[in-house]
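Every chain is numbered from 1, with letters handed out A, B, ... down the list of sequences.
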Amino acid sequence: MSEQEEQQRIAEARGPETPRRQPFKIIELLASMRLAIGLLCVIAMACIIATVLPQGADVTGLLQKNPGAHHWIKRLEAAGLTHVFSAWWFIGLLTALGASLSVCIARRLKALFAAGARPSGSILVFGTLFVHVGILLTLLGGVIKLFWSERGSLQLREGEQTAAFVTDDNRHVQLPYTLQLMKFEIEYYSTAANGKPEETVQAETLVLQGPDSDAGVEWPVEIGAERKVTPPAAATGSHQDWRVTVLRRIPDFMIDTSTHTVQSRSDKMLNPAILVRVAGNGPAAEHWLFARYPDFDMNAMSGQESQPAPFKLRYKVLVSAPEKQHVKSFKSALRVLKGDAVAHEQTIEVNAPMSYEGYSFYQSGYNEDDLSWTALLVVRDPSVPVVYLGFILLGVGAFLTAYWRAEKVKEDSLC
Amino acid sequence: MLTLTHVFDVALVAYLLALILGSVNLFAPRRLLRSLATAGLTLGVVALTVYIGWRWLEANRAPFSNMFESLVLFAWTLSLVYVVLLLRGKIPSALTPTTALLALLMLVYASAFLSSEIQPLMPALRSNWLTFHVTTVLIGYGSFAVAFLAATGYLIVSRAASQAGPESRELCEAIMSKTISFGFLFLVVGIAMGAVWANVAWGTYWSWDPKETWSLITALIYAVFLHGRYLRNWSGRRMAWIAVIGFISVLITYVGVNYLMKGLHSYAS
Ligand code: HEM
C-alpha cells in the first residue's frame with residue numbers, strides 16, 4: 001500500500017470534512033494536524049525552559065547567593081518562567097492539547113460508528129484512538145490530582161497512635177480511622193544485623209614529639225622493641241641518648257580497685273593504653289600513655305617524679321571509620337483501628353506502601369538516633385485509577401499502531 | 001579461570017573487530033568482510049548478554065542500578081536492535097561500524113571512568129519496577145539510537161552525493177519509521193512504568209523532576225516525528241533531522257540530567 005493510499009484511508013476513517021460554517025471554525029482548528037504538531041513542539045519547548053531556568057525553591061537559593069540577580073529574576077517571575085509547571089500559560093497549553101485530542105477522538109468515534117461494521121484499517125484506527133484516549137485520561141488525571149489530592153506526613157513512636165495528619169500546606173486532616181505504629185525495624189546489608197557497626201584498628205603508633213617541633217617520628221607499637229632517641233644538643237645541653245620501650249598494651253584500660261592492678265575490661269579498643277619505659281642517664285621511668293586522653297598523666301597523680309625527658313610521647317591509634325553499613329530496608333508495622341477493633345494490619349517499607357480506605361501510607365524516614373520512631377508520608381489521590389487506566393490504553397494503543405506499521409512495512413517489503 | 005571481566009573484554013574485542021572490519025568494508029566492500037563484521041557484532045551482543053546474565057546472578061538482583069550497569073545495558077539494547085534488524089535483512093550493513101563504535105564508546109567510558117563493583121541497592125531502588133522500567137526505556141533508547149545512526153548516515157550520504165537516489169531515501173525512511181515506532185512504544189510504556197513505580201515509592205506518579213520532564217520532551221519529539229511522517233507525509237532529510245534531534249534529547253535525558261541537574265533521579269550517578 002502506498003503512502004497516498006494510507007492518507008486516503010486515514011481521511012476516510014476521519015469522516016467527511018465538515019463544511020466550513022462559522023461555529024465549526026474553532027473545531028476545525030482544534031482538529032488540524034498543524035495545531036497538534038505545533039502544540040507538541042511548544043509544550044516540549046516549555047519543558048526545556050523549565051529544566052534550564054531556576055524553578056520554585058531554586059530561585060530563593062539563587063537570590064541568596066547572588067542578590068544582583070534580583071532584577072532579571074523578577075522579570076522571569078512575572079512571565080511565569082520560574083514556576084512553569086503551575087503557570088497559567090502552561091496549564092493553558094495542556095488544556096489546548098486536551099481540547100485538540102478530544103475533538104480528534106470525537107471525530108474518530110463518529111467516523112467509526114458511521115462506518116458501521118466496515119472498519120477499514122481497523123488496527124490503526126483503534127490504536128490511535130486508544131493512544132489519544134489514554135493521553136486524555138492522563139491529562140484528566142492531572143486535573144483531578146490538582147484539585148482533589150492531599151499530601152502530608154505524620155510521625156509516630158512505637159506504640160503511639162494518631163487519627164490525623166498535617167498536609168504539606170499545614171492543614172490538619174482527620175483520618176477516617178486510627179493508625180498505630182506497632183514496631184519499627186531497620187535491616188542492614190551486612191551479616192552483623194542491627195548492632196552498631198564496629199570500628200577496626202588500622203595502625204597503632206608511638207609518636208615522638210620533639211621539644212621544638214610537633215611533627216615527630218612514628219614507630220609502630222611493638223612490645224619489647226627498644227627505640228633510640230637523640231634529641232638535638234641545643235635542647236638538652238648534652239649529647240645523650242634516650243631509650244624508649246613499650247612494655248605493655250591494654251585495649252580497654254582499667255584499674256582493679258581491690259587489687260590495684262591494671263587490667264583490660266574487654267578486648268575491644270575502648271580505652272587503649274600502653275606502658276612505656278623511658279630511660280635516660282638516670283633511673284628509668286615508666287608511663288602509661290592513653291590514646292584517648294593524650295594529656296592525662298598518671299604519674300603526676302601518683303606523685304611519682306622522674307627525670308623529665310626533653311621530648312613527649314603520644315600513643316596514637318588510627319581507627320578506620322566504622323564501615324558504612326548499607327541500609328537494606330526500613331519497615332513500620334502498622335495497625336488500623338476502628339473504635340477498639342483492629343480493622344487491618346500491614347507492614348510497610350520503601351516501595352511497599354499501605355493503602356486503606358482512600359489513604360496511602362508510605363515509609364518515608366527514620367531517626368538514626370532514635371529507632372523507635374518512624375516518619376510516614378500520607379497521600380490521598382483519587383486520580384491514580386484514572387491515570388493508570390490512561391497508561392494501559394496508551395500502552396495498548398502504542399502497541400497496536402507499532403504492530404500495524406510493522407505489518408504494513410512487511411507488505412511493502414521496502415527493505 | 002573465566003571471570004566477569006573476561007566476558008566484558010570479549011565484548012570489547014568483538015565490537016572493536018566489528019568496527020574495524022565494518023569500516024574497511026565500507027571502502028573496499030567484500031562479502032567476507034561483511035560477514036565477519038556481522039559475526040563480530042553478534043559475538044559482542046552474545047558476550048554482553050552473558051555478562052548481564054552473569055552479573056545478575058552474582059549480584060542476585062537485576063544489574064541496572066547505576067551508571068556503569070546502565071551503560072552496559074544501553075550498549076546491549078542498541079546492538080541487539082541493530083543485529084536483529086541486520087540478520088533479518090531489514091537494515092544495510094553499512095551501519096555496522098557506527099553501531100559498533102557507539103556501543104564501544106559506551107563500554108569504554110563505563111570501564112574507564114566508572115566503578116564496575118557490584119554495590120548493594122539502596123532501599124529506594126529495591127523494587128521489581130526498577131527492572132521493568134529501566135529495561136523497557138533502554139530498549140526504546142536502543143532503537144532510537146539505531147534510528148539516529150540511519151538518520152546521520154542518510155544526512156551524510158544525501159549531502160555528499162547530491163543525487164542520493166530515491167531508494168536510499170526510502171530505505172532510510174523505512175528504517176527510521178520502524179525503529180521510531182518501536183522505540184516510541186517502549187519509551188511510552190517505560191515512562192508509564194516509571195510513573196507507576198514513582199507512585200509506589202514516592203506517593204506521586206509525576207513530579208516534574210528533570211529526568212521525568214526530559215523523558216516527556218523526548219516522547220513529544222518522537223510524537224511529532226510520527227504525526228509528521230504518517231499524517232503530513234514528511235520525508236527525507238526533514239525526518240532525519242527530527243530523528244537526530246530526538247536522539248540528542250535521549251542523550252540529555254540519559255546523561256545530561258544525571259550530571260547537570262539535581263532531582264529525584266540523581267542517585268543514578
Ligand atoms: C503511538 C502514538 C500516536 C499515534 C500513532 C498517533 C496517531 C495520530 C493520528 C492517526 C492522528 C490523526 C487522526 C485522527 O484524527 O485521529 C493523530 C492526531 C492527533 N494526535 Fe496523535 N498519535 C500518537 C500519539 C500522540 C501523542 C503522544 C499526542 C500528544 C501528546 C498526540 C496528539 C494528537 C493530537 C492532538 C491530534 C489531533 C489532530 C487531529 O485531529 O488530526 N498524539 N494522531
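Surrounding CH2 of A:W89 are more than 12 heavy atoms belonging to other residues, nucleotides or ligands, all under 6.0 Å away. Within a 6.0 Å sphere centred on CZ of A:F85, heavy atoms belonging to other residues, nucleotides or ligands number more than 12. Open room surrounds CZ on B:F132; 12 or fewer heavy atoms of other groups in view lie less than 6.0 Å from it.
Considering only heavy atoms from C-beta on, B:W234 comes within 4.5 Å of A:I37 through its side chain.
The structure places OH of A:Y362 at 4.5 Å from CG of B:N199, a figure rounded to the nearest 0.5 Å. A:T138 contributes atom OG1, which lies 11.0 Å from atom CD1 of B:I191 (distance to the nearest 0.5 angstrom). The CH2 atom of B:W202 sits 10.5 Å away from atom CZ of A:R151, with the distance rounded to the nearest 0.5 Å. Rounding to the nearest 0.5 Å gives a distance of 15.0 Å between CG of A:L40 and OH of B:Y222. Rounding to the nearest 0.5 Å places OG1 of A:T51 at 12.5 Å from CD of B:E212.
Neither the backbone nor the side chain of A:I392 comes within less than 4.5 Å of any heavy atom in chain B. Contacts between B:T204 and chain A at a heavy-atom distance below 4.5 Å involve backbone atoms as well as side-chain atoms. When heavy atoms are compared at a cutoff of 4.5 Å, B:V196 approaches chain A by way of both its backbone and its side chain. Of the atoms belonging to A:F330, it is side-chain heavy atoms, and not backbone ones, that fall under 4.5 Å from chain B. If you measure heavy-atom distances from B:V200 to chain A, the contacts under 4.5 Å come from both the backbone and the side chain.
Within residues 381-388 of chain A, the residues having any heavy atom less than 4.5 Å from a heavy atom of chain B are, in residue-number order, A:D381, A:S383, A:V384, A:V387, A:Y388. When the heavy atoms of residues 142-150 of chain B are compared with those of chain A, none of the residues falls under 4.5 Å.
Smallest separation of non-hydrogen atoms from A:A402 and B:S181: CB-O, 3.9 Å. When every heavy atom of A:C41 is checked against every heavy atom of B:V224, the shortest pair comes out as SG-CG2, 3.9 Å.
A:N351 and B:W129 share no donor-acceptor pair across their side chains, judged by distance under 3.5 Å alone.
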query = For A:C47 and B:W208, what are the C-alpha separation, side-chain angles and deciding distance, and is it a side-chain contact (heavy atoms from CB on, under 4.5 Å)?
reply = CA-CA 9 Å; A:C47 290; B:W208 293 111; 4.2 Å; yes
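Judged as a side-chain contact (heavy atoms from CB on, under 4.5 Å), and not counting sequence neighbours, the contacts of A:I48 are A:V52, B:W214, B:I217.
Within the structure, the salt bridge (Lys or Arg N to Asp or Glu O under 4.0 Å) test picks out no pair touching residues 132-156 of chain B (sequence neighbours left out).
No other option in B:T213, B:V188, B:L216 has as many heavy-atom pairs under 4.5 Å with chain A as B:T213. Considering only heavy-atom pairs separated by less than 4.5 Å from chain B, the leading option among A:Q363, A:K145, A:E349, A:R34 is A:K145.
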